[in-house]
Amino acid sequence: MLFEVKEDIDLKDLQKLHPAIFIIFGAAILYCKRNNLTCRITSIISDRGNVNAVSKTHESGRAIDIGVRKEDGFTEMHAHRLCFQLNRDYSELAAISYSDHKPRAAIFKNNHIHLQCRNISNQELNKFIKE
């Protein structure tokens with residue numbers, strides 16, 4: 001399997017996502033596969049009814065959270081390394097962080113990694129798509 005999902009995730013939400021988040025998420029999947037980790041979506045859109053977040057990246061289809069549980073093979077080192085690589089490689093796609101106004105494609109939080117993109121045009125996305 002490419003990825004797993006937490007039980008309350010509605011996979012129809014994937015249809016509502018901005019194309020740029022799929023590029024970042026795809027890179028996260030590849031990192032997980034290379035390192036024998038389970039990539040598990042823990043939040044997209046519909047599961048966020050009780051979440052009081054500062055940012056609206058999830059609601060606007062520009063974010064996915066992936067879990068970093070030990071049972072899925074994650075260590076703190078893997079979480080930091082994955083965030084570092086995504087932030088380095090996808091800064092042009094990354095949303096601007098609320099806290100310090102820097103572009104961040106991935107933010108390691110307590111029990112998950114928040115993947116996020118800015119609202120960019122399809123033309124700007126083309127440089128990330130190899131044909």
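Few gaps surround CD on E71; more than 12 heavy atoms of other groups in view lie less than 6.0 Å from it.
The distance from the CD1 atom of I96 to the OG atom of S91 is 9.0 Å, given to the nearest 0.5 Å. Note that CG of D65 is 8.0 Å distant from OG1 of T57, once rounded to the nearest 0.5 Å. The CZ atom of F22 sits 5.0 Å away from the CG atom of L14 when rounded to the nearest 0.5 Å. Between T42 atom OG1 and E7 atom CD the span is 11.0 Å, to the nearest 0.5 Å. Separating the CG atom in L37 from the CG atom in L82 is a distance of 8.5 Å, to the nearest 0.5 Å. Atom-to-atom distance recorded for K16:NZ and E59:CD is 11.5 Å, nearest 0.5 angstrom.
In this structure, T75 has no side-chain hydrogen bond (donor to acceptor under 3.5 Å, both in side chains) partners at least two apart in sequence or on a different chain. Every residue two or more places apart in sequence or in another chain was checked for a side-chain hydrogen bond (donor to acceptor under 3.5 Å, both in side chains) with K109, and none qualifies. Applying the salt bridge (charged side-chain N to carboxylate O under 4.0 Å, His left out) criterion to D89, with sequence neighbours excluded, gives no partner residue. Applying the salt bridge (charged side-chain N to carboxylate O under 4.0 Å, His left out) criterion to R104, with sequence neighbours excluded, gives D100. Taking Q85 as the reference, nothing meets the side-chain hydrogen bond (donor to acceptor under 3.5 Å, both in side chains) condition, with sequence neighbours excluded. Listed by chain and residue number, E4, D72 satisfy the side-chain hydrogen bond (donor to acceptor under 3.5 Å, both in side chains) test with R40 (two or more places apart in sequence, or in another chain).
Scanning both residues, L86 and A105, for their nearest heavy atoms gives O-CB, 3.7 Å. Closest non-hydrogen pair, C32 versus C39, comes out as SG-CB, 3.7 Å. Taking both residues in full, the closest heavy atoms of A63 and H114 are given as CB-CE1, 3.4 Å, listed atom of the first, atom of the second, then distance. In terms of heavy atoms, E92 sits closest to K127 at OE1-NZ, 2.7 Å. For A28 against I66, the heavy-atom pair with the smallest separation is CB-CD1, 4.2 Å. Closest approach of A79 to V68, counting heavy atoms only: CB-CG1, 4.2 Å.
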Q) Yes or no on side-chain contact (heavy atoms from CB on, under 4.5 Å) for H18 and I120, after CA distance, side-chain angles and deciding distance? A) CA-CA 9 Å; H18 191 286; I120 67 172; 4.2 Å; yes
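Follow the hydrophobic side-chain contacts under 4.5 Å out from I24 and you never reach I107; the two are in separate clusters. Linking Ile, Leu, Val, Met, Phe, Trp and Tyr residues whenever their side-chain heavy atoms come within less than 4.5 Å places L11 and L17 in a single cluster. Transitive grouping of hydrophobic side chains (ILVMFWY, heavy atoms separated by less than 4.5 Å) brings L2 and I21 into a common cluster.
Side-chain contact between D10 and I44 is absent, with no heavy atoms from C-beta onward closer than 4.5 Å. Looking at M1 and T38, their side chains never come closer than 4.5 Å, going by heavy atoms from C-beta outward. Using a 4.5 Å cut-off on side-chain heavy atoms (C-beta onward), S43 and H58 make contact.
Using the six-membered ring where Trp is involved, Y90 and F128 have ring planes that are tilted, between 30° and 60° apart.
Under the 3.5 Å distance criterion, the side-chain polar atoms of R62 are matched with a main-chain donor or acceptor of C117.
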